[in-house]
Each structure stands twice: as structure tokens, then as C-alpha cells.
Amino acid sequence: LTFKKTVPTSGRSRRRNALLGGWCAGIWGVLAGAAWGAAPSETLPRLTLAVNGVPIQVEVAWTSRARERGLAGRAALAADAGMLFVFRPHGRPCFWMKDTLLPLSLAFLNDRGMIVQREELLPGDERAVCARQPVRFALEVARNGPLAHQLRLGHPVVGLPQLPRLPAEPSRFGEAG
């Protein structure tokens, strides 16, 4: 594909061409994102967990930026995949589904990895869903996938990272008490 270079003769033509070029680039970005699914803006560490002997391939969101982004903008999530959110001890994090395209099941986990709360989340819901007690981890999986049925209260999640102390960092995405 070749393009003929044109030189606008006036400032008005240059502004029009710049706007048109930016608009075309924006449309291309939207189409490319829709075709290939939205990729995370940063590469996250991966880990294999298990619930009731069923393996879960997770991306680990342990920084504020990764936790804020979460699974927002993702067009798909593999049946055996999820995201593990790691919080400073004794936190009561809150989640919302703004810009999230997939229905998700959310499990809050205590320091020992036991599921202490489970929530069902709908795409685009801006209602805050908060942990009712201090938790160390949260695990999101596809709501209608096979992993969601494994997330039961009182069941342990095996393979969690051993992090005795995390540095306290301010959370910018809603942490209760």
C-alpha cells in the first residue's frame, strides 16, 4: 500500500488533515481492540492456583495500577483463567464493574486463602461491592465458566503467593475502613 504525500497549502487544511488523521487512527484503534480483545496495558505476573483440585491460571494484580485496571476492557476470558488481586493485610477492598465487559464471579479470600465472601458481578455495574471483613486477596473468574462453580464459601484456594508483609500503599480505587 502506498500513500501520496500531500502538502496542505493553508493552516486550515493542515488542521483538517490532522483531525481527519487522528479520527482515522482512533477508529483503527477501536477496530483493532475489538478484533483482538483489549490487552492489559502492563504485563502482569502469572500464577497457577487451584480450588477443589481445579487449576486456575491467574494474572496477579498486586500494584495499585494493576488493581485499578483489573479485567476492564477485556473482551474475553479463558475458561481456566482469572485475576488474583493482592491487597495489604487487613484491607476491605471495594470493586465495581465500570468498563468491564464480562460478567464475573468474585471471591474474597482471607490471609489463609479461605473464601470468606462471594459476589456475582454484572458488566458495567457501577455499584460498589466491598469485602465485609478484612481480606488479603480477591479472585475474579468468568461468571458462567466452570471455575465459578468451584468458588464456595469456606473452601481454600491453593497456591497463593506467600507474602508475609506488603508495603502499605494508598489505594486509589475504593478501600473501605
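For reference, positions follow the sequence shown, starting with 1.
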[X] versus [Y], closest heavy-atom pair with distance:
X	Y	answer
A138	F108	CB-CD2, 4.1 Å
F87	V135	CB-O, 4.4 Å
L101	G73	CD1-O, 3.7 Å
G159	L49	O-CD2, 3.2 Å
L102	A75	CD2-O, 3.5 Å

How long is the gap from [atom1] on [X] to [atom2] on [Y], to the nearest 0.5 Å?
X	Y	atom1	atom2	result
F95	L106	CZ	CG	5.5 Å
L104	D125	CG	CG	11.5 Å
T48	D80	OG1	CG	9.0 Å
L109	L84	CG	CG	7.0 Å
R74	T100	CZ	OG1	10.0 Å
Q133	N110	CD	CG	7.0 Å

Is there a path of hydrophobic side-chain contacts, each under 4.5 Å between heavy atoms, that joins [X] and [Y]?
X	Y	result
L160	L47	yes
V116	V129	yes
L153	L151	yes
I115	V60	yes

Flag side-chain contact, heavy atom, 4.5 Å: [X] against [Y]:
X	Y	answer
M83	L44	yes
R112	P156	no
V51	V157	yes

Using a 3.5 Å cut-off and no angle test, enumerate the donor-acceptor pairs between side-chain atoms of residues 140-147 and protein atoms at least two apart in sequence or in another chain.
residue, atom, partner, partner atom, Å
R143, NE, E120, OE1, 3.3

W62 backbone acceptor or donor facing R67 side chain under 3.5 Å:
yes

Using atom types as modelled and distance alone, determine if a side-chain donor or acceptor of R136 lies under 3.5 Å from a backbone N or O of G113.
no

Test side-chain hydrogen bond (donor to acceptor under 3.5 Å, both in side chains) applied to E119 - qualifying residues, sequence neighbours left out:
Q117, R132

I need the full list of side chain to side chain donor-acceptor pair (under 3.5 Å) pairs touching residues 151-160, with sequence neighbours left out, sorted by first then second residue.
N52-H155

Given Q150, R118, H149, the one that forms side chain to side chain donor-acceptor pair (under 3.5 Å) with S105:
R118

